[in-house]
Amino acid sequence: MSDIQSLKTEFTKKIKEKINKQELDSIKTELFGKNGKISSLFKNLGNLSADQKKEFASNLNLLKDDLISLINKKFSDLEIQEINNKLKNEKIDVTLPGRTYFNGKIHPVSQVIDEVTSIFSEIGFSVEEGPDVENEYYNFSALNTPENHPARDMHDTFYLDHSKNLLLRTHTSPVQIRTMLKSKPPFKIIAPGRTYRCDSDQTHSPMFHQLEGLHIDRDINMGHLKGCLYYFVKKFFEVDKIKVRFRPSHFPFTEPSAEVDIGYKIEDGKIKIGEGDKWLEILGCGMVHPNVLKNAKVNPKQYQGYAFGVGIDRLAMLKYGINDLRSFFENDIRWLEFYGFDPLDVPTNYRGLSR
Ligand code: DAH
């Protein structure tokens with residue numbers, strides 16, 4: 001019994017002292033290891049008489065339980081202490097100034113969207129948005145596109161369900177319908193965004209970007225359309241003199257329809273916009289078809305207007321001399337370092353659009 005009492009006093013004291021986890025571990029071995037003090041006492045039980053054995057064993061078990069729970073408690077205290085120390089020592093001072101190790105860059109597509117938005121906002125266009133996942137009605141039917149039109153083909157359009165009702169929009173033109181349905185004319189909007197078609201090569205990507213324009217008011221005519229696009233092209237390419245050509249074309253949602261080409265030449269292996277005898281197509285446009293206005297609850301006898309759709313990626317390639325469209329979407333940080341723009345250099349008409 002005195003053995004038990006003295007062990008209890010001695011080890012309770014030891015465990016409570018200022019020790020670390022390793023020291024605690026050795027105390028545990030000293031007591032409960034193969035030749036540990038408690039283990040040995042258990043082994044000696046066999047030398048005692050039956051009566052003594054009973055009492056001694058029960059006291060020994062009590063001691064064992066006491067010491068084990070003391071040790072476990074100490075272990076968890078030490079662990080908590082360790083975590084608290086870590087939290088204290090590894091504290092971050094969030095008020096310290098940041099260290100920049102990589103300057104983020106603006107992607108040329110975002111840059112061009114900012115530039116174009118700035119140009120059009122100066123002449124009264126506001127920005128609208130529409131969903132990437134469209135339904136067949138807004139993307140085709142409301143835009144006067146007949147059931148058998150080739151654009152509706154599975155080879156061109158990504159359909160999201162068997163009924164062909166949900167799809168990834170193939171152009172930004174459905175935003176025209178959404179905009180007109182949600183308020184009353186006049187409308188003067190642009191809508192930049194992502195568009196999708198089953199197509200992929202050096203100049204086509206399954207996901208690309210367009211900018212839609214729509215201007216509806218009383219007595220709007222083709223002259224307004226030409227004026228607006230001339231202004232845009234000059235501002236965007238930052239040249240005073242530019243050759244622009246309107247070529248007759250066909251779109252179901254406009255009548256008449258045209259495509260716009262700009263003149264260019266190749267000088268020292270580089271594209272030079274505005275001069276020369278080569279032509280590059282940059283957008284589709286036309287006077288909004290009366291059926292489209294009717295579908296959008298606008299009376300075509302009172303209101304008319306024009307619309308246009310520009311390929312944003314194409315504009316970026318032309319202006320910044322990037323010749324593979326697919327590189328735009330490869331997420332290569334070195335490419336972005338080279339072709340990207342300074343985030344603080346926001347394009348505005350008065351400060352200049354680009355570097
Ligand atoms: N949506 C056409 C396309 O993706 C481009 C277009 C042409 C838009 C004429 C228009 C337009 O608004 O009037 O090819």
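The first residue in the sequence is number 1, and the count goes up from there. Note that ligands are numbered from 1 as they come in the structure, with each ligand's atoms numbered from 1 the same way. Computation of the quantities below employed the complete heavy-atom set of this structure, encompassing side-chain atoms and omitting hydrogens, waters and symmetry-equivalent molecules.
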Atom indices of ligand 1 within 4.0 angstrom of Ser173 heavy atoms, with elements = 1 (N), 8 (C)
Structural part of Phe253 in contact with ligand 1, heavy atom criterion under 4.0 angstrom = side chain
query = Should Leu7 and Lys37 count as side-chain neighbours, where that means a heavy-atom distance under 4.5 Å?
reply = yes
key: Pair Phe328 + His107: ring centers closer than 6.0 Å   = yes
remark   = Nearest non-hydrogen contact to atom 14 (O) of ligand 1 from the set Glu255, Glu259, Arg197 belongs to Arg197
key: Distance flag, aromatic centroids of Phe120 and Phe232, threshold under 6.0 Å   = yes
inquiry  = Closer than 4.0 Å to some heavy atom of Phe251 - which atoms of ligand 1 meet that?
reply    = 7 (C), 9 (C)
task = Applying side-chain contact (heavy atoms from CB on, under 4.5 Å), run through Leu336 and Asn331 and close with a yes or a no.
result = CA-CA 8 Å; Leu336 194 59; Asn331 282 334; over 6 Å; no
Heteroatom proximity flag, Thr170 to ligand 1, N/O under 3.5 Å = no
note = Of all protein heavy atoms, the one nearest atom 12 (O) of ligand 1 is Glu212 OE2, 2.6 Å
message = If I apply the N/O under 3.5 Å rule, does Ala307 come out as touching ligand 1?
response = yes
query = Considering all heavy atoms of both residues, which atom of Ile190 and which atom of Thr117 are nearest to each other, and what is their separation?
reply = CD1-CA, 3.9 Å
request  = Quick one: closest heavy-atom pair of His171 and Leu143, and the distance?
outcome  = NE2-CD1, 3.6 Å
task = Would you please indicate if the ring centroids of Phe253 and His289 are separated by under 6.0 Å?
result = no
remark   = Nearest heavy-atom approach of Phe251 to Ala258 is CE1-O, 3.7 Å
ask   = Which atoms of ligand 1 have any heavy atom of Thr254 under 4.0 Å away?
value = 13 (O)
message = Suppose I only count heavy atoms of Gln210 and a 4.0 Å limit; which atoms of ligand 1 are within that range?
response = 3 (C), 4 (O)
task = Distance to 0.1 Å, residue and atom name: give those for the protein heavy atom nearest to atom 8 (C) of ligand 1.
result = Gly309 N, 3.4 Å
inquiry  = Which of the numbered atoms in ligand 1 are under 4.0 angstrom from any heavy atom belonging to Gln176?
reply    = 12 (O)
